Amino acid sequence: METSLTLLQSIKQQGDFESWELLDSIYSPMIRRWLKRSHVRPADEEDVLQEVLLTVSRKISSFERGVNRGSFRSWLKKITVNCLRNYTRKRGNRGDAVGGSEMALLLQQLEDPDSLLSQAWNEEHQRCVFQHLMAIVRPGFKRETWKAFYDTAVSGKSAREVADDIGMTVGAVHTAKSRVLSELRRIGQGLLED
């Protein structure tokens, strides 16, 4: 995004199509994986995914991020759980219930912020968002700057090791890493948790 507004602000205030496409590209694959994990029938996955995205689009204007309000990832998880409950209820009424008590247990664990399943949601969320944000900001940096960032922040190499490898000073490596991280935080504000 070329605007200074964050993705969520842009969607809330402008309903920007480009921002919606980005939100969809970040979250649809993740939600699909959770639908599979929740034993949603393959024939129903797209319908449940669309229900989640439609609910997000209807309610995004009322989403408030803050200490007492929660994060976007928690808000999205709650919507996903509710859509899965709706799906289970509808399937149960048709006589071909999916998952039964196994689905109920899974949804209960997903709602519990301290469960391993909920922690897995949080970790996958961070990974998906971070990967998309890196793809967005990468073209805006020189190859050496990106390599300095990636090798230190993602690959875990020391600044000294990276500096020697690409012919920069240690200070330049730290500066490069800081510049890229700053842009990632700016673009991902409200999506990534610190």
Side-chain angles (χ1 to χ4, degrees), residues 6-13 15-17 19-136 154 184-185 187-194:
T6 68
L7 176 63
L8 292 178
Q9 288 173 325
S10 181
I11 289 171
K12 285 173 71 169
Q13 294 174 2
D16 179 39
F17 180 73
S19 298
W20 274 110
E21 280 188 325
L22 177 57
L23 190 86
D24 180 63
S25 71
I26 292 171
Y27 290 105
S28 287
M30 178 183 151
I31 294 168
R32 271 193 185 92
R33 283 189 295 277
W34 281 91
L35 297 179
K36 286 182 191 322
R37 193 175 195 171
S38 301
H39 309 293
V40 171
R41 291 177 21 170
D44 296 330
E45 284 177 15
E46 191 63 29
D47 290 340
V48 178
L49 172 65
Q50 292 307 314
E51 184 181 349
V52 171
L53 295 175
L54 183 61
T55 303
V56 168
S57 73
R58 283 194 321 251
K59 296 184 176 193
I60 191 77
S61 63
S62 64
F63 171 73
E64 292 291 331
R65 184 173 186 264
V67 176
N68 295 327
R69 306 246 188 223
S71 64
F72 183 78
R73 75 164 184 238
S74 296
W75 185 73
L76 178 64
K77 181 174 62 170
K78 184 176 182 179
I79 288 172
T80 303
V81 166
N82 287 337
C83 289
L84 282 166
R85 276 208 173 90
N86 290 341
Y87 168 73
T88 303
R89 208 172 8 258
K90 288 175 190 173
R91 300 301 300 176
N93 291 340
R94 290 184 15 200
D96 54 353
V98 176
S101 60
E102 183 181 335
M103 172 72 94
L105 180 60
L106 183 133
L107 295 177
Q108 186 179 29
Q109 288 177 0
L110 198 51
E111 279 185 312
D112 177 1
D114 297 322
S115 75
L116 292 176
L117 198 58
S118 190
Q119 290 171 19
W121 169 280
N122 294 343
E123 290 167 8
E124 184 172 357
H125 172 271
Q126 295 295 86
R127 188 174 47 256
C128 287
V129 172
F130 191 67
Q131 288 171 346
H132 273 81
L133 293 176
M134 285 194 311
I136 291 168
V154 178
L184 287 168
R185 284 186 188 107
I187 297 286
Q189 184 180 5
L191 297 178
L192 284 172
E193 305 302 313
D194 293 327

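Here the structure is a predicted model, which means the values were calculated and not measured. In what follows, residues are counted from 1 in the order of the sequence shown. Below, each value reflects all heavy atoms present in this structure, side chains not excepted, and no hydrogens, waters or symmetry copies.
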If you compare all heavy atoms of [X] against all heavy atoms of [Y], which two are closest, and at what distance to 0.1 Å?
X    : Y    : answer
I79  : V52  : CG2-O, 3.9 Å
Q119 : P113 : CG-O, 4.5 Å
S28  : L53  : OG-CD1, 3.5 Å
Y87  : R41  : OH-N, 3.0 Å

Under a 4.5 Å cut-off applied to non-hydrogen side-chain atoms, are [X] and [Y] in contact?
X    : Y    : value
L84  : L35  : yes
M103 : S38  : yes
R37  : W121 : no
I60  : W20  : yes
V129 : R73  : no

> Got a sec, which residues hit salt bridge (Lys or Arg N to Asp or Glu O under 4.0 Å) with K59, two or more places apart in sequence or on another chain?
Replying inline: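 By the salt bridge (Lys or Arg N to Asp or Glu O under 4.0 Å) rule, K59 matches no residue at all.
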> side-chain hydrogen bond (donor to acceptor under 3.5 Å, both in side chains) with S57: which residues, sequence neighbours excluded?
Replying inline: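 Once residues adjacent in sequence are excluded, S57 has no partner under the side-chain hydrogen bond (donor to acceptor under 3.5 Å, both in side chains) criterion.
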>> Classify the ring geometry of F72 against F63: parallel below 30°, tilted from 30° to 60°, perpendicular beyond 60°.
In response: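 Because their plane-to-plane angle is over 60°, the rings of F72 and F63 count as perpendicular.
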>> As a test of understanding, state which of L117, L49, L106 forms a side chain to side chain contact (heavy atoms under 4.5 Å, CB included) with W34.
In response: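 Of the listed residues L117, L49, L106, the side chain to side chain contact (heavy atoms under 4.5 Å, CB included) partner of W34 is L117.
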> Are the side chain of T80 and the backbone of L76 linked by a donor-acceptor contact shorter than 3.5 Å?
Replying inline: yes
>> Test your reading of the model: is there a side-chain donor-acceptor pair from H132 to the backbone of S25, 3.5 Å cut-off?
In response: yes
>> Between E46 and R32 (salt bridge meaning N to carboxylate O under 4.0 Å), is one present in this structure?
In response: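 Yes, charged N to carboxylate O under 4.0 Å.
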Mind checking the [atom1]-[atom2] spacing from [X] to [Y]? Nearest 0.5 Å is all I need.
X    : Y    : atom1 : atom2 : answer
L22  : I136 : CG    : CD1   : 4.0 Å
H125 : I26  : NE2   : CD1   : 8.0 Å
S118 : E123 : OG    : CD    : 10.0 Å

> Under the side-chain contact (heavy atoms from CB on, under 4.5 Å) test, which residues partner R33, sequence neighbours left out?
Replying inline: P29, M30, E124, C128
>> I'd like to know whether CD of Q108 has more than 12 heavy-atom contacts from other residues, nucleotides or ligands below 6.0 angstrom.
In response: no
